[in-house]
**Student:** 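Got a structure for you, written out below as structure tokens; questions coming shortly.
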Amino acid sequence: MTGLNPNSPYPLGDSEAEHDRLIRQGARLAPYTERFLRQAGVGPNQHVLDLGSGVGEVALVAARLVGPAGEVVGVERDMRSVARARLRAAEAGFHNVRFLPSDVSEVAGNSLFDAVVGRFILMYVEDPPAVLRAACHLVRPGGIVAFQEPSYAPFLLLSSHLPLWSRAVSLVHDALRRSGANTEMGFALYQVFQEARLPPPAMTLEVPLGNDAGFTAWPCDTLRSLWPQVQRHNLSLEGLGDLETLRDRLHAEIAGANAVVPWQGLVGAFSRVPAR
Ligand SMILES: C[S@@+](CC[C@H](N)C(=O)[O-])C[C@H]1O[C@@H](n2cnc3c(N)ncnc32)[C@H](O)[C@@H]1O
């Protein structure tokens, strides 16, 4: 998969609906990300850099972990997301988190962080090892590097027995891939870390499962943001039926099978910056 053009916008856009979707998605993923960051070593009093912070989901999880004596700096190139993230942090009463508008490949600074983290960001950048290498210069020797990125392979495989769910998930997958995102960035992290001159990372894979209405709404929710990409790449809608009723029919298919469905695999990789 070739990378994205560095100047190309985030394929899911910058609409308020996409920001709301990221918040819903973040609420579901927060326990997974919190557990992962703890396992990687993120904890009290640390200074943490969060790359591709979106509307602040990972930064707020990290802000809870580092506590009032720590600090989290989120980096995000979309100004509207930065504004929403700042508002959310203020509303939640966090004084230990800041958001900076910047491309993740251009972050500069004098002070060294204890950790650099990110979720669903390296999948969207053109040169992930270069981004990671540059970010590591902002982390002290021995500091933590911890990223969670997706793997759609288990998601697609474990969805195949439910035709409508499988079809909807495949369309999301195709739209992401056609727009240049790397939907297998998770497993690629093993090489990406080493190409960024980091030790081979410790890795985990978790696949959330569920069947409540919020969970089964995920493909429709995501397709709404991806719609311009579906149209731009002229992707087939065959097998999906009336889009107006797709959300309800997806939920009914899963309820009718008395099944749980998977979500994208969350691959976590963490390592430490070597002595310089
Ligand atoms: C899928 S969202 C993830 C947001 C957040 N990390 C989360 O897990 O909720 C990806 C975010 O990365 C941002 N992004 C993509 N490429 C970027 C770049 N080169 N520099 C800075 N931000 C970028 C997008 O604007 C978007 O907000």
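Whatever order the structure lists them in is the order used to number ligands and atoms, beginning at 1. These numbers were taken from a predicted model, which means no experiment stands behind them.
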**Student:** Please determine if R119 has a nitrogen or oxygen closer than 3.5 Å to a nitrogen or oxygen of ligand 1.
**Tutor:**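 Yes.
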**Student:** Please tell me if the side chains of F113 and V48 come closer than 4.5 Å, counting only heavy atoms from C-beta onward.
**Tutor:**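 Answer no - side chains too far apart.
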**Student:** Just jot down the ligand 1 atoms closer than 4.0 angstrom to any heavy atom of Y124, in number order.
**Tutor:** 1 (C)
**Student:** I would like to know whether D103 and R77 meet salt bridge (charged side-chain N to carboxylate O under 4.0 Å, His left out); could you show each step before the answer?
**Tutor:** CA-CA 5 Å; D103 194 286; R77 90 179 153 189; 3.5 Å; yes
**Student:** Examine L51 against ligand 1 and note whether any of their N/O atoms are separated by less than 3.5 Å.
**Tutor:**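 No, L51 has no N/O under 3.5 Å of an N/O on ligand 1.
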**Student:** Under 4.0 Å from a heavy atom of G54: which atoms of ligand 1 are those, numbered in the order shown and with their elements?
**Tutor:**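 Answer, ordered by atom number: 4 (C), 27 (O).
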**Student:** Out of D78, I121, L122, indicate the one that has the non-hydrogen atom closest to atom 15 (C) of ligand 1.
**Tutor:** I121
**Student:** Assess R38 against F36: is NZ or CZ under 6.0 Å from the centre of the six-membered ring, and within 45 degrees of the ring's axis?
**Tutor:**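 No, a cation-pi geometry is absent between R38 and F36.
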**Student:** Between S160 and S166, what is the shortest heavy-atom contact and its length?
**Tutor:** CA-OG, 3.9 Å
**Student:** Heavy-atom distances under 4.0 Å are what count here, so tell me which part of V104 touches ligand 1: side chain, backbone, both or neither.
**Tutor:**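 Both parts.
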**Student:** Ignoring angles and geometry beyond distance, decide whether E76 reaches within less than 3.5 Å of ligand 1 through its nitrogen or oxygen atoms.
**Tutor:** yes
**Student:** Check the orientation of W218 and W263. Use parallel for under 30°, tilted for 30 to 60°, and perpendicular for over 60°.
**Tutor:**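 Rings of W218 and W263: perpendicular, over 60°.
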**Student:** At a 4.0 Å threshold, what atoms of ligand 1 neighbour a non-hydrogen atom of E57?
**Tutor:** 9 (O)
**Student:** Consider ligand 1: state whether an atom of it lies below 4.0 angstrom from any non-hydrogen atom of P9.
**Tutor:** no
**Student:** Looking at every non-hydrogen atom in both residues, tell me the closest pair between P262 and F155 and how far apart they are.
**Tutor:** O-CE1, 3.0 Å
**Student:** Going through the distances and angles, do E18 and Y10 end up as a side chain to side chain donor-acceptor pair (under 3.5 Å)?
**Tutor:** CA-CA 11 Å; E18 169 58 10; Y10 170 56; 2.8 Å; yes
**Student:** Report the part of S105 in contact with ligand 1, treating N, CA, C, O as backbone and CB onward as side chain, heavy atoms under 4.0 Å; options are side chain, backbone, both, neither.
**Tutor:**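 Looking at S105 and ligand 1, no heavy atom falls under 4.0 Å.
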**Student:** Measure across V104 and G52 and return the closest heavy-atom pair with its distance rounded to 0.1 Å.
**Tutor:**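 Heavy atoms of V104 and G52 come nearest at CG1-N, 3.5 Å.
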**Student:** Looking at ligand 1, does any of its N/O atoms fall within less than 3.5 Å of an N/O of D103?
**Tutor:** yes
